[in-house]
Amino acid sequence: MAKNRAFKEKESYRWVEAFQKVNKLFKGLEMPDGGILTRVIHVFDREGDIAEVFALQGKNKNTGVVVRAAQNRCLEGENSYLWEYVTSQEVQFIKEVELPETKKRSERTATLEIRYCPVSINPPYRLKKSGNFNVYALFATEINVPDGCEPVTWMLLTNELVTTQAEASQILRWYTYRWRIEEYHKILKSGCKAESYRLAGESMSTSSRR
């Protein structure tokens, strides 16, 4: 079963690999006085909601993460869970977000209620030495949903500071950039046939070594 396999053998490990590869590219871009020249923000969808991402982030001072939560994680405190705690907070502001067309929805403007607060996530047993992950949770849920449309519901976790409307809006904006990246990848794969070129290159490379 998946739960019994080593973490590196699981499909979710690729998110950790991506995190490490990107950070390696920017490693060393620091000023002599310790200041940071480049800050890397990783934006992950629900598949990237794994504890190892938060553990890695804590070891990289020039790195930020925005992860869409998929799990109702245990929080510090008795019988406290992510969804129940964050959704019990007061609505801080209302924001409109432009939703692009996908296979499951038409393009539209969504009106979102925004809640945010700090949370302390208990680590899983395998990472108990890491201590709790102290992050901010931002919950966006759509109101006045058009008939026949599935409402937007995002629970975002980030190590970035979220104490004001401006900071919360920035996290939402970063998360929506994901759609542009996905469109870029789609163009590379479908329009430019990037994967076929890569496979052809690997085939040629393999042949040359024989």
Might you point out which heavy atoms bring [X] and [Y] nearest each other, and give the distance in Å?
X	Y	result
R73	A51	NH2-N, 3.6 Å
A110	E142	CB-OE2, 3.6 Å
V53	G48	CG2-O, 3.7 Å
V65	T158	O-OG1, 2.7 Å
P123	G131	CG-O, 3.5 Å

field: Steps toward side-chain contact (heavy atoms from CB on, under 4.5 Å) verdict (R105, C149)
entry: CA-CA 7 Å; R105 70 167 180 242; C149 294; over 6 Å; no

Given the rule that I, L, V, M, F, W and Y join up when any side-chain heavy atoms are under 4.5 Å apart, are [X] and [Y] in one cluster?
X	Y	result
Y116	Y81	no
Y177	L156	yes
V91	W83	no
F139	I143	no

message: Applying side-chain contact (heavy atoms from CB on, under 4.5 Å) to H42 and T63, what does each step give before you reach the verdict?
response: CA-CA 8 Å; H42 296 268; T63 301; 3.4 Å; yes

Taking the side chain as every heavy atom from C-beta outward, state whether [X] and [Y] have any pair of such atoms under 4.5 Å apart.
X	Y	result
E76	I121	no
V119	Y85	yes
T141	V152	no
I114	L138	yes
E107	L99	no
F133	S120	no
M155	L82	yes

- prompt: When the aromatic ring centroids of W154 and Y175 are compared, is their separation below 6.0 Å?
  reply: yes

Backbone of [Y] reached by a side-chain donor or acceptor of [X] within 3.5 Å:
X	Y	answer
Q57	N159	no
E167	T163	yes
N122	L75	yes
S80	G77	no
D45	V67	no
R115	Q89	yes

- request: Can you measure from CD (E150) to NZ (K104) and round to the nearest 0.5 angstrom?
  value: 7.5 Å

- prompt: Just how far is it from atom CD of E90 to atom SG of C117, taken to the nearest 0.5 Å?
  reply: 11.5 Å

- prompt: Going through the distances and angles, do R126 and E52 end up as a salt bridge (Lys or Arg N to Asp or Glu O under 4.0 Å)?
  reply: CA-CA 10 Å; R126 66 181 183 273; E52 280 75 6; 2.5 Å; yes

Side-chain H-bond candidate by donor/acceptor type, E98 with T109, under 3.5 Å: yes

message: What verdict does the side-chain hydrogen bond (donor to acceptor under 3.5 Å, both in side chains) test give for T111 and N144, after you've listed the backbone C-alpha separation in whole Å, the side-chain angles of each residue and the deciding distance to 0.1 Å?
response: CA-CA 7 Å; T111 303; N144 303 324; 5.2 Å; no

task: Apply side-chain contact (heavy atoms from CB on, under 4.5 Å) to E84 and N72, showing your working.
output: CA-CA 8 Å; E84 289 79 359; N72 192 20; 3.0 Å; yes

- prompt: In terms of side-chain geometry, is the basic nitrogen of R108 or E96 positioned less than 4.0 Å from the acidic oxygen of its partner?
  reply: no

query: Should L157 and F54 be marked as a side-chain contact (heavy atoms from CB on, under 4.5 Å) after you check the CA-CA gap, both sets of side-chain angles, and the distance that decides it?
result: CA-CA 10 Å; L157 301 174; F54 298 104; 3.8 Å; yes

